[in-house]
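Report on one structure; see the data block that follows.
Because only heavy atoms are used, hydrogens play no part in the values below, and waters and symmetry mates are left out as well, while side chains stay in.
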Amino acid sequence: MFRQTRAVLQKFRCVRVNGQQQTWRLKSTSAREKALLYQPGQKLHGFIVREVVAVPDLCLTAVKLAHEHTGAQYLHAARDDSNNLFSVQFRTTPLDSTGVPHILEHTVLCGSRKYPCRDPFFKMLNRSLSTFMNAFTASDYTMYPFSTQNGKDFQNLLSVYLDAVFFPCLREQDFWQEGWRLENEDPTDYKSPLVFKGVVFNEMKGVFSDNERLFAQHLQNKLYPNHTYSVVSGGEPLAIPDLTWEQLKHFHATHYHPSNARFFTYGDLPLENHLEQIQEEALCQFERIDPNTEVPPQPRWTSPREDHVTCSPDALAPDQSKQNTLCVSYLLGDITDTFEGFILSLLSSLMVSGPNSPFYKSLIEPKIGSDFSSVVGYDGSTKEASFSIGLQGMAEEDTERVKRIISQTIDEIIQNGFESERIEALLHKIEIQMKHQSTNFGLALASYIASSWNHGGDPVELLKISDSVAKFRQALKENPRFLQDKVKFYLKENTHQLTLKMSPDEDYMGKQTQAEEIKLQEKIQLLSDGDKKQIYEKGLELLEAQSKTQDASCLPALRVSDIEPAIPITPVQMSSAGDVPVQLCEQPTNGLVYFRAVCSLNTLPEDLRAYVPLFCSIITKMGCGDLDYRQQAQQMELRTGGMSVSPLVVPDSTQMDTFEQGILLSSSCLERNLPHMFHLWSNIFNNPHFHDEERLRVLVMMSAQELANGISYSGHMYAMTRASRHLTLTGVLQETFDGMEQVKFMKRMAEMPDLSQVIRTLPRIKKHLLNPEHMSRCAINATPQIMSESAAQLESFMQDVAETKRERKPVRTNIIKSGASRKLVTEPNFQPCQMKTFFQMPFPVNFVSESIRTVPFFHVWFVFQGSKLGADVIFRPVHSAGHRRSQTVGVLGRGLSCVPLRQRSDPPLFIYIKTY
C-alpha cells in the first residue's frame, strides 16, 4: 500500500487494552519493570543492549539494541499491554519513479523460501488472531507491521514476516501480477489488443486520479528536486513499465538487508524471545554491508521559486468557477533534531489549527477559497521537514491576493506573536494526547518514530515528550519572542520556498490517456511476432496459476490449545441521571474522564434528516452560551480533549429491518476539568448559536469540499453504501447520512447564495436532537477515585438541561423497546429491491459494489459463512486479476456486502460482475 504522508500534528497515545481491570495494575513482574533490569553492554542472542530508559510519559520502558554482525537497529517498548506489535522497516530511497519499493512491497508478500505458497499474508488471515497486518511504502522507507494479543500467534506471524522480507521468492510471475505486464486485454484471446496490467500500475493510476494527492506529490517532488524525494516512490504510472524484474531483485538485495533494517517490538511479551527468533530465523544468515541508502541534505536555493501544474476538473466542486489550488511551502531543518521538530510542529498548530489561528482568520474566513490546501502545516515525513500554507477551491484571479495575504500574515505573526492562552491550550492538548488511552498505541508509536529513526534520529528522544515541553517553557521564559524568531528564521528569511499553483485542465484526462497510449505503442513496436506469442502464453500461465488452488499447509496456524478459552469481561455499573440510564465503567484512564451519550432521532421529521450530518458537524463550532465560536474553540482546547457529535445508525443484531437511529455525543477531559466539560455541554444544549451566516457558510464550504475530495479515495465505500440503499432500512438512512446523496445535498447547499433557510432549519433540528427527553443512555469511563464526582457532574448536567426537555411524538409508529433504554425502529413489511446505479465521475477509476440481502449479524450462517464467502470466493479472484489490494469485503445493514471494489477500468467491468 502506498502511503503518502501529509502534514499532521503527531498524536501520542497510551493504550487501553480490552480486558479485565486488574491487567492494568502495576505488579512487581510488570513488563516495564522487567525491562529496566537490562544493562547497557549486555549481550542477548546476537544483540547488544545500548540504552535502557524509563518513559513515564507513555507508561513504558524503552530498550535500544544493535545487532553485532549486521548492525541492524532494534527498539523494544516494554509496556503492560497485551496487544503486542512487531514491525521491521527498511530505508528505501529510489532514484527513479518506476515504483520499485512499492512493487517490491507487494511482491515479497507473494511467497517466501519457507512459505512458498502464493499470498501467504492473505492466507494467514484465517489462521491467526492478528489485530493488524499490513505493509506501507512511504517516500523513503517501507514498513511491515503486525499486532496480536496471542503469544503463539506472535511467533507464527513473526516467522512469516521475517521469511517474507528477507527470503522472498520474487518469482517473475509475481512481478508480472503485482507490478506491471503487457497482456492481451482478454488473456484467452490472442487477437485482443495488448494493454498494460498490474496491481501497482492500476493502484497508482487510482492514486493520481485524486487531485489532492496529485498536488501533494508534485509539491514534494518540486520542493526537493535533487534526490529521492524528486521521484514517486509509489510509482508514476508512465514510468512503472520501465522497471525490470532484474532491477527489482537487485533493489531487494541492496535495501532489504539487516544492515539497512530497523526492528521495533512493543507490548508485554518477553524481549528475549523476540531476539532469539529473529536471530535464528533471519539475522544469523547475514553479514554486515554498507547499504548506501542515506539521503543527502537538499541543496538550498538562493531565491524562492514558483511552478504550475494541472489536474482534472472536479464536477462535484462546491463552486465550478473556483477550482484552483495555491500553496507556499518552506524547507525547514533536519527532522533528527527532536526539540526543533517539536517546536516547529507546535508552531505549525498555532499558525493554522482552529478558528483562532492567524492563517485561518486571514485565508479561510474571507471565503477566498473553500479550505486550506491539501498539504498544510508541518510535515516531518522527509529527512528535512517542511511547512506549507495555501488554499484550494479558489479563483484564478485571486492568486496574487493569496500570496500577498500569506506574506502579510507571516509579518503579523512576527510582530504580534501568539496569545499565552492559545499556547497553554496547545500544551494542554499535548498533555491530553499523552494520557489518552487507545488500543492501537503500538502501531501509532511505530509510525511516529519511523521517519526520524529512518534517518539516524534517536527514537527514545522522541518519546520524552515532557522533556520537550519543559525545554520549550524555559526557552519561552528566557525569550518571550522565541516563537516569533523561529517564524522569522524559517519563513520570512527562508529563500528555499516554493509557490506551487494547480489549475484544472478540461483535457487533462485525455492527455493522460494519450500519454499512456504512446507509452504502450512504444513497447509494442519493439515486439516481434514471437514476443507477442510469448506474452500470450505467459498470460495463460498467469491465469492458470491464479486459478489454481494453493496448498497453504506450510503456513503456521494456531491450535485450540493456544487460545484462551474465556473472554475477559469488563465490569460495569448501571445507574441513572434523571430518567436516563448511565453506564459507569471504572478503568485506569491515566487521569482522563470519557463521556458518551446517545440521543434518539425517532421524532425528527423526514424532511430534516439530510441536515443531520451538517448539524452534527457545526453544533460545536458556532458558539454557545456567552461564547462566540472563537471563544468556544479556545475553551474546548483549554478544558477538553475534544467534543464531537456524529450521526449514529445501529442495525439490530438479531432482527432484519430493525435499527436504532440517533446522534452520538463524545468528549473527554482531564479530571480537574470535569465541571468545565459538562458546562460546555450544558451551553450547547441550552443555548447553541445558529445566527452567524458568515460562519455557517465557511463551515458549509469546507464540508462540501471535504466530501467532494473524498470520493476518489473512498469511492468503494460510497459504492457499497449506494448498493445497499434499497436492501435494508438502515441502507436508506446510511445513504442519506454518508452516501452520494449527502455529497450532492452539501454541494447544493454550498451553491446557495442565501443560507437563511438553513439557519431557520437548524433550531428545528436542535429541538428534536438536543432534547433530554430523547437521550436514551449515557456512559462514563474514569478511574475509581473520580467516578463518584463524575456521576455527580453528569447529574448536575442533566438538571441544567432539564428545562429544554420536551416530549415529542415519534415520526414512525412502529417503535419497539430493546432493553432498558433503546427504542428501535422496525418495519416488518419492508420490501427490498435491487437497484442498479451508475455515477459518472471525472477520473479513470471505477468503484464497483454488489450488495446482497442475507441474514442478521448474529445468525448462525453469517457467523460461519459470511466472512468466508467474501474472502475465499471473491477477494482472491479479483486481486489475482491484477487489481489493487484495497478491495473491501464487509457487512452493511447486517446484510453481506460483496466486495465493494476499488479498481481500474481495465479489464472491463463485466469481468468483475461475472466474479460476483
Are any of the side-chain nitrogens in [X] or [Y] under 4.0 Å away from the carboxylate oxygens of its partner?
X	Y	answer
Lys205	Glu516	yes
Glu246	Lys249	yes
Glu185	Lys197	no
Lys501	Asp307	no
Asp314	Lys747	no
Arg853	Asp657	yes

In terms of side-chain heavy atoms, does [X] have a donor or acceptor partner in [Y] at a distance below 3.5 Å?
X	Y	result
Ser712	Ser209	no
Gln525	Gln521	no
Ser130	Thr148	no
Asn709	Gln705	yes
Thr293	Asn260	yes
Ser159	Asn156	no
Thr137	Glu105	yes

Run the side chain to side chain contact (heavy atoms under 4.5 Å, CB included) check on Asp242 and Lys523 step by step: do they pass?
-> CA-CA 10 Å; Asp242 294 331; Lys523 292 285 185 182; 3.9 Å; yes
Test item: [X] and [Y] side chains (from C-beta on) under 4.5 Å apart, heavy atoms:
X	Y	value
Phe839	Arg722	yes
Ile240	Thr98	no
Arg113	Asp163	yes
Glu203	His102	yes
Val207	Leu214	no
Gln177	Arg118	yes
Phe175	Leu243	yes
Phe196	Lys519	yes

Can you list the steps and then say if Ser503 with His308 is a side chain to side chain donor-acceptor pair (under 3.5 Å)?
-> CA-CA 8 Å; Ser503 56; His308 175 255; 2.6 Å; yes
Aromatic ring centroids of Phe121 and Tyr161 under 6.0 Å?
-> yes
Kindly determine whether Glu236 and Met204 satisfy side chain to side chain contact (heavy atoms under 4.5 Å, CB included), including the steps that lead there.
-> CA-CA 7 Å; Glu236 203 284 317; Met204 295 311 296; over 6 Å; no
From [X] atom [atom1] to [Y] atom [atom2], the distance as rounded to the nearest 0.5 Å:
X	Y	atom1	atom2	answer
Ser312	Asn211	OG	CG	4.5 Å
Leu543	Lys538	CG	NZ	16.0 Å
Ile524	Leu194	CD1	CG	5.0 Å
Asp174	Leu170	CG	CG	8.0 Å
Leu555	Gln550	CG	CD	10.5 Å
Thr93	Phe251	OG1	CZ	6.0 Å

Are the side chain of [X] and the backbone of [Y] linked by a donor-acceptor contact shorter than 3.5 Å?
X	Y	result
Glu506	Pro313	no
Ser528	Asp531	yes
Arg127	Ala557	no
Ser374	Glu212	yes
His252	Val165	yes
Ser112	Pro168	no
Gln247	Thr244	yes

The single option from Tyr256, Tyr144, Phe90 passing ring pair (Phe, Tyr, Trp, His ring centres under 6.0 Å) against Phe166 =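 Answer after filtering Tyr256, Tyr144, Phe90: Phe90.
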Run the numbers on Ser139 and Gln220 for side chain to side chain donor-acceptor pair (under 3.5 Å), then give the verdict.
-> CA-CA 10 Å; Ser139 296; Gln220 177 176 293; 3.1 Å; yes
Decide yes or no on side chain to side chain donor-acceptor pair (under 3.5 Å) for Asn221 and Tyr229, but give the supporting numbers first.
-> CA-CA 6 Å; Asn221 294 158; Tyr229 304 125; over 6 Å; no
Hey, mind stepping through Leu219 and Tyr224 against side chain to side chain contact (heavy atoms under 4.5 Å, CB included) and telling me if it holds?
-> CA-CA 9 Å; Leu219 189 67; Tyr224 305 87; over 6 Å; no
Start with the C-alpha distance between Gln323 and Gln320, add both sets of side-chain angles, then the distance that settles side chain to side chain donor-acceptor pair (under 3.5 Å), and finish with yes or no.
-> CA-CA 6 Å; Gln323 294 198 45; Gln320 292 297 303; 3.2 Å; yes
Determine, step by step, whether Thr142 and Leu104 satisfy the side chain to side chain contact (heavy atoms under 4.5 Å, CB included) criterion, reporting the C-alpha distance in whole Å, the side-chain angles of both residues, the deciding distance to 0.1 Å, and the verdict.
-> CA-CA 9 Å; Thr142 306; Leu104 183 58; over 6 Å; no
Where Asn184 and Ser192 come nearest, the two heavy atoms and their spacing = ND2-O, 2.9 Å
